[in-house]
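Values below: every heavy atom of this structure, side chains too, minus hydrogens, waters and symmetry copies. The first residue in the sequence is number 1, and the count goes up from there.
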Amino acid sequence: QVQLQESGPGLVKPSQLLSLTCTVSGDAITTNYYYWSWIRQPPGKGLEWIGYIAYSGSTYYSPSLKSRTSISRDTSKNQFTLQLSSVTPEDTAVYYCARNFETVRYLEVWGQGTLVTVSS
């Protein structure tokens, strides 16, 4: 059974780089036709999809966050990473990683989430 686990600092200073890692167990992130996404939920607000890295290594980002977002992977560790630059307090949220299959238009498997607070 595939499992996803987010990790990284819980506190980031404004203007700095937010970096989170999703560790995947039970399946390789290179497995054909799977997509690996980052999603966030600010306190009291709804979910916002950030972007994905596909099984092939290709990436796609939400247009509203594209200029600040980079998703990469380390296949040797079976991990993928979110980097969000120039953060502000509005980036404070619970951050999730998740997976879906190519033909399934919802995120099927989620990590438990990790809270990241942007504050000085």
Side-chain angles (χ1 to χ4, degrees):
Q1 182 180 2
V2 63
Q3 293 180 296
L4 289 75
Q5 176 67 62
E6 304 88 348
S7 62
L11 181 64
V12 182
K13 295 181 178 180
S15 82
Q16 299 300 302
L17 181 71
L18 183 158
S19 184
L20 296 172
T21 296
C22 183
T23 299
V24 178
S25 61
D27 199 9
I29 60 176
T30 54
T31 298
N32 282 352
Y33 312 132
Y34 281 102
Y35 292 73
W36 307 89
S37 289
W38 287 100
I39 312 94
R40 68 181 184 180
Q41 185 171 36
K45 299 182 180 180
L47 295 166
E48 180 184 23
W49 179 77
I50 299 168
Y52 70 65
I53 186 163
Y55 62 97
S56 62
S58 65
T59 56
Y60 185 76
Y61 309 120
S62 171
S64 64
L65 296 170
K66 181 179 180 179
S67 66
R68 298 194 291 133
T69 304
S70 179
I71 299 174
S72 59
R73 66 182 183 176
D74 184 338
T75 58
S76 69
K77 297 180 179 179
N78 213 41
Q79 297 176 330
F80 63 104
T81 298
L82 169 69
Q83 294 188 106
L84 185 67
S85 65
S86 303
V87 298
T88 73
E90 286 69 44
D91 294 310
T92 295
V94 177
Y95 285 76
Y96 300 91
C97 53
R99 186 210 74 186
N100 70 284
F101 186 69
E102 183 177 68
T103 60
V104 179
R105 299 182 68 84
Y106 63 92
L107 300 166
E108 304 160 282
V109 183
W110 293 62
Q112 66 183 15
T114 186
L115 175 64
V116 179
T117 300
V118 179
S119 176
S120 60

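When the salt bridge (charged side-chain N to carboxylate O under 4.0 Å, His left out) test is applied to Glu102, no partner is found at least two apart in sequence or on another chain. Remark: Ser76 engages Asp74 in a side-chain hydrogen bond (donor to acceptor under 3.5 Å, both in side chains) (not counting sequence neighbours). Not counting sequence neighbours, the partners of Ser58 by the side-chain contact (heavy atoms from CB on, under 4.5 Å) test are Ala54, Ser56. Qualifying salt bridge (charged side-chain N to carboxylate O under 4.0 Å, His left out) partners for Arg40, counting only residues two or more places apart in sequence or in other chains: Glu48, Asp91. Under the rule for a side-chain contact (heavy atoms from CB on, under 4.5 Å), the partners of Ser120 that lie at least two apart in sequence or sit in another chain are Pro14. Residues forming a side-chain hydrogen bond (donor to acceptor under 3.5 Å, both in side chains) with Ser70 (at least two apart in sequence, or on another chain): none. Residues satisfying the side-chain hydrogen bond (donor to acceptor under 3.5 Å, both in side chains) criterion with Gln1, sequence neighbours excluded, are absent altogether. Residues satisfying the side-chain hydrogen bond (donor to acceptor under 3.5 Å, both in side chains) criterion with Ser67, sequence neighbours excluded, are absent altogether.
The list of ring pair (Phe, Tyr, Trp, His ring centres under 6.0 Å) pairs with a residue in residues 4-33, not counting sequence neighbours, reads Tyr33-Tyr55. Under the disulfide bond (SG atoms under 2.5 Å apart) criterion, no residue pair touches residues 27-93, with sequence neighbours excluded.
The ring-ring contact (aromatic ring centres under 6.0 Å, His included) with Trp38 is formed by just one residue from the set Tyr95, Phe80, Tyr96; it is Phe80.
Within the 3.5 Å criterion, the main-chain N or O of Leu84 finds no donor-acceptor partner in the side chain of Arg68.
The OG atom of Ser62 sits 11.5 Å away from atom CD1 of Ile39, with the distance rounded to the nearest 0.5 Å. Rounding to the nearest 0.5 Å places CG of Leu82 at 16.0 Å from CH2 of Trp36.
When the side chains of ILVMFWY residues are joined at heavy-atom separations under 4.5 Å, either directly or via intervening members, Leu11 and Val94 end up in two distinct hydrophobic clusters.
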Show the atom names and distances, to 0.1 Å, of all donor-acceptor pairs under 3.5 Å that link a side chain in residues 17-29 to residues at least two apart or in another chain.
from, atom 1, to, atom 2, distance (Å)
Thr23, OG1, Gln79, NE2, 3.0
Asp27, OD1, Thr31, OG1, 2.9

Could you list the donor-acceptor pairs under 3.5 angstrom formed by side chains in residues 107-115, with sequence neighbours left out?
from, atom 1, to, atom 2, distance (Å)
Glu108, OE1, Phe101, N, 2.8
Trp110, NE1, Leu107, O, 2.9

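The shortest heavy-atom contact between Ile71 and Thr59 is O-CG2, 3.5 Å.
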